[in-house]
Amino acid sequence: MVGWMVGLSVVAVSLTAAGAEAPPTTPPPTEAPTVEAPPPAPYCEGEYADSYAALSPKARAFEQAMKKKYTYCVRSTAVYECLSYGAEGNVRRTRTPVSAHGTAFAYKQQAGETLLLTNEHVVEWPDVTSDARPVDGVPSGCKRVKDGLSIVENEADHYDRDDVPLSKAVVDPQLDLAVIKSKTPLTVMPWKVGRSAAVRERDVVDVRGFPLGVFNATNMGKVISAYDRDEYKEWYHDDFVIDALLSQGNSGSPVLAISCKTGEFELVGVYHAGYSRGSALNVVVGIDQARDLMNNLRRTPKRAMEDTTPLDALARARVAKRAEVSATPFFPFGSRTAAVFPRADGTLLFALYEQDFPRRVHPLLVMEDVPLASADEGFGKVGRVWFGGERGLLERPRAEQDAELQQQLSRLLDALRRDATLAFSYQDSLPGSDESRQTFDTSARLGKTLERTIVAHREMSDAAAELADRFAPDITEPATRTESVLKNPPPPGIHLGLTGEPEGQPSTGAPPRDSGARQPAKSTQGKGARTPSGK
């Protein structure tokens with residue numbers, strides 16, 4: 001069922017009557033002659049117009065005469081396979097098809113193909129569903145096994161013999177843009193690519209797309225903010241904000257402005273999202289950032305984790321000092337809490353805790369980060385690893401670890417180092433963040449980077465918890481007290497028993513209580529966050 005929303009946009013234009021004669025008056029001899037009032041302000045004071053009156057009659061007639069439009073309704077489909085267990089323990093595989101609709105527009109014909117531009121979130125589906133990357137109607141943990149793209153008449157078009165198949169040329173998650181291509185010749189946008197840097201507040205815009213995937217529609221509005229930095233989740237680009245009434249399905253729509261020089265439309269951006277708590281607050285990716293993607297089919301270099309310190313000896317010294325003097329050496333790691341503890345010999349111990357920390361304080365994992373012989377070699381190297389549960393910790397020597405597990409632990413330790421470095425930098429910036437605009441902005445950037453890192457490391461955090469489930473000591477294995485590892489680690493290969501038990505002997509205590517099933521990490525709620533409009 002489609003919900004309808006009708007919006008009326010009224011534009012008031014003030015006209016000055018010309019040619020009307022004023023009543024004859026005879027000014028006094030000493031009065032200065034009457035000065036004529038200046039003409040009304042022009043509709044074009046910048047590069048783009050602030051009224052549709054600036055659109056040339058020729059351009060208006062050309063648009064209205066076009067029988068074939070250059071915007072298209074894109075259907076994006078995927079199939080997800082979900083695994084479950086039956087009553088007898090047998091594995092069940094169920095497949096769930098999903099689909100979504102958005103907008104794309106053709107802008108170039110090249111090598112016998114037509115290139116179209118749209119949003120990345122219109123054409124891409126997550127490889128595996130999760131709380132951070134959900135898909136409506138599909139449980140978390142399901143794998144994408146098939147996907148497809150095509151041009152359709154609208155969302156109700158189920159006759160697929162005349163659909164136009166599409167393929168991906170290049171996608172850029174940071175810009176939320178994608179170039180897709182068709183071997184079928186398509187009508188190309190007749191207007192030139194403009195400059196989004198020249199867009200100003202109150203400039204009029206024209207948006208062509210498929211709201212709700214139902215029909216081809218034109219929305220009009222104005223620029224209400226010429227600049228808006230977009231760092232929501234994976235997005236990392238510059239937007240401008242318009243007040244055109246746009247809907248889901250409009251994602252990928254071309255946003256056109258009227259050139260003051262020619263009186264013709266020019267492409268200045270691609271609509272991609274709207275503020276979830278706003279009314280007609282819709283954000284547009286500035287076209288200046290998309291030129292390389294459109295012309296050379298090259299995505300922008302992946303953004304570096306800005307405001308993070310390189311993992312070198314200096315970063316290690318800062319982390320060690322912070323952990324030594326702080327009573328709370330904790331930092332977030334995905335959906336869990338981690339901590340770093342210094343040791344007298346220079347070794348750092350990284351500990352990862354359960355989601356319900358500090359209600360339960362036993363670590364899931366403890367990893368040694370051993371200093372390198374030379375400060376020029378880097379941060380450190382992986383030492384011993386302990387896996388934990390309620391009974392305590394158990395070391396798993398490296399000789400017992402296969403190559404895949406060793407690589408996984410190495411990546412995990414590297415992520416813990418980076419997150420500790422970033423989190424401590426952010427925590428240290430807070431006391432002086434209100435001293436100046438510069439310190440405030442620096443602290444804010446660190447906070448945003450930390451938020452993105454938390455989301456990015458959720459899966460790694462869950463994977464670490466799964467390792468703890470596999471390798472934590474069971475009832476037959478000797479366990480080491482957490483305090484013994486964190487404060488005075490035992491020599492390699494020797495396990496300390498629980499209090500009152502001989503070393504190396506299995507525990508005879510009662511079996512551990514059921515700690516309850518782990519719950520998936522909840523995604524953070526956006527504070528007036530942008531919401532993609534295509535799916």
Side-chain angles (χ1 to χ4, degrees), residues 323-324 326-345 347-370 380 382-402 405-406 408-410 412-413 415-417 419-420 460-519:
E324 181 180 351
S326 174
T328 55
F330 302 102
F331 60 93
F333 185 73
S335 57
R336 292 171 172 81
T337 299
V340 56
F341 301 96
R343 208 168 66 193
D345 61 356
T347 299
L348 298 177
L349 292 163
F350 287 89
L352 182 65
Y353 295 90
E354 275 281 17
Q355 284 180 310
D356 59 357
F357 178 86
R359 187 168 67 86
R360 289 187 292 178
V361 296
H362 62 271
L364 297 171
L365 186 76
V366 175
M367 301 187 71
E368 273 187 340
D369 190 322
V370 181
V382 180
R384 290 171 291 178
V385 180
W386 292 264
F387 297 92
E390 291 187 343
R391 297 188 62 250
L393 296 168
L394 177 63
E395 182 190 346
R396 296 294 182 181
R398 294 180 66 85
E400 299 177 3
Q401 303 170 10
D402 57 27
L405 177 57
Q406 291 189 31
Q408 188 174 1
L409 291 173
S410 179
L412 176 61
L413 180 58
L416 287 166
R417 293 165 176 162
D419 285 18
M460 189 173 290
S461 169
D462 293 340
E466 293 175 2
L467 290 177
D469 284 340
R470 289 170 54 193
F471 297 116
D474 60 26
I475 192 65
T476 65
E477 294 177 303
T480 303
R481 294 177 62 87
T482 300
E483 295 81 0
S484 300
V485 172
L486 296 181
K487 294 182 179 180
N488 186 24
I494 297 179
H495 307 285
L496 301 181
L498 296 176
T499 302
E501 297 175 358
E503 294 181 9
Q505 296 298 320
S507 169
T508 57
R513 292 175 296 176
D514 183 8
S515 60
R518 286 189 175 86
Q519 299 297 321

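Side-chain atoms are counted along with the backbone in the values below, which use heavy atoms only and exclude waters and symmetry mates. FYI, the numbering just counts along the sequence from 1.
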Rounded to the nearest 0.5 Å, what's the gap from NE2 on His362 to CD on Glu354? Could you check? 5.5 Å

Tightest non-hydrogen contact, residues Leu412 and Ala464, listed as CD2-CB, 3.9 Å

How long is the straight-line distance from CG of Asp369 back to CG of Leu413, given to the nearest 0.5 Å? 4.5 Å

Would you say the side-chain atoms of Gln401 pair up with the backbone N or O of Arg396, donor to acceptor, closer than 3.5 Å? yes

Closest non-hydrogen atoms of Leu467 and Leu405, given as atom of the first, atom of the second and distance, are CD2-CD1, 3.8 Å

Output all residues satisfying side chain to side chain donor-acceptor pair (under 3.5 Å) with Gln406, sequence neighbours left out; order by chain, then residue number. Arg398

Check the pair Phe341 / Val485 against side chain to side chain contact (heavy atoms under 4.5 Å, CB included), numbers first and verdict last. CA-CA 10 Å; Phe341 301 96; Val485 172; over 6 Å; no

Between Asp474 (side chain) and Glu477 (backbone), is there a donor-acceptor pair under 3.5 Å? yes

Where Ala479 and Pro473 come nearest, the two heavy atoms and their spacing: CB-CG, 4.2 Å

Do the non-hydrogen side-chain atoms of Ile475 and Arg391 ever get within less than 4.5 Å of each other? yes

Nearest 0.5 Å please: distance from the CG atom of Leu416 over to the CG atom of Leu365. 7.5 Å

Please list, chain by chain and in numerical order, all residues satisfying ring-ring contact (aromatic ring centres under 6.0 Å, His included) with Phe350, sequence neighbours excluded. none

Let me confirm one number: the CG-CG distance from Leu393 to Leu364, rounded to the nearest 0.5 Å. 9.5 Å

Dump the intermediate steps for side chain to side chain contact (heavy atoms under 4.5 Å, CB included) on Leu349 and Glu368, then the final yes or no. CA-CA 5 Å; Leu349 292 163; Glu368 273 187 340; 3.4 Å; yes

What is the minimum heavy-atom distance between Val370 and Gly383, and which atoms define it? CG2-CA, 3.8 Å

What are the two closest non-hydrogen atoms of Ser461 and Gly334, and how far apart are they? CB-CA, 4.1 Å

A side-chain contact here means heavy atoms from C-beta on lying under 4.5 Å apart; do Val366 and Thr482 qualify? no

List the atom of Leu409, the atom of Met367, and the distance in Å for their closest heavy-atom pair. O-CE, 3.3 Å

The criterion is side chain to side chain donor-acceptor pair (under 3.5 Å); which residues satisfy it with Thr347, sequence neighbours excluded? Arg343, Asp345

Interatomic spacing from OG1 in Thr480 to CH2 in Trp386 - rounded to 0.5 Å: 8.5 Å

Residues passing the ring-ring contact (aromatic ring centres under 6.0 Å, His included) test with Tyr353, sequence neighbours excluded, are Phe357

Just jot down the side chain to side chain donor-acceptor pair (under 3.5 Å) partners of Asp419, sequence neighbours excluded, or say none. His457

The reported gap from CD in Glu324 to CG in Leu348 (rounded to nearest 0.5 angstrom) is 10.5 Å

Look at the rings of Phe387 and Phe471 and say which category their plane angle falls in: under 30° parallel, 30 to 60° tilted, over 60° perpendicular. tilted

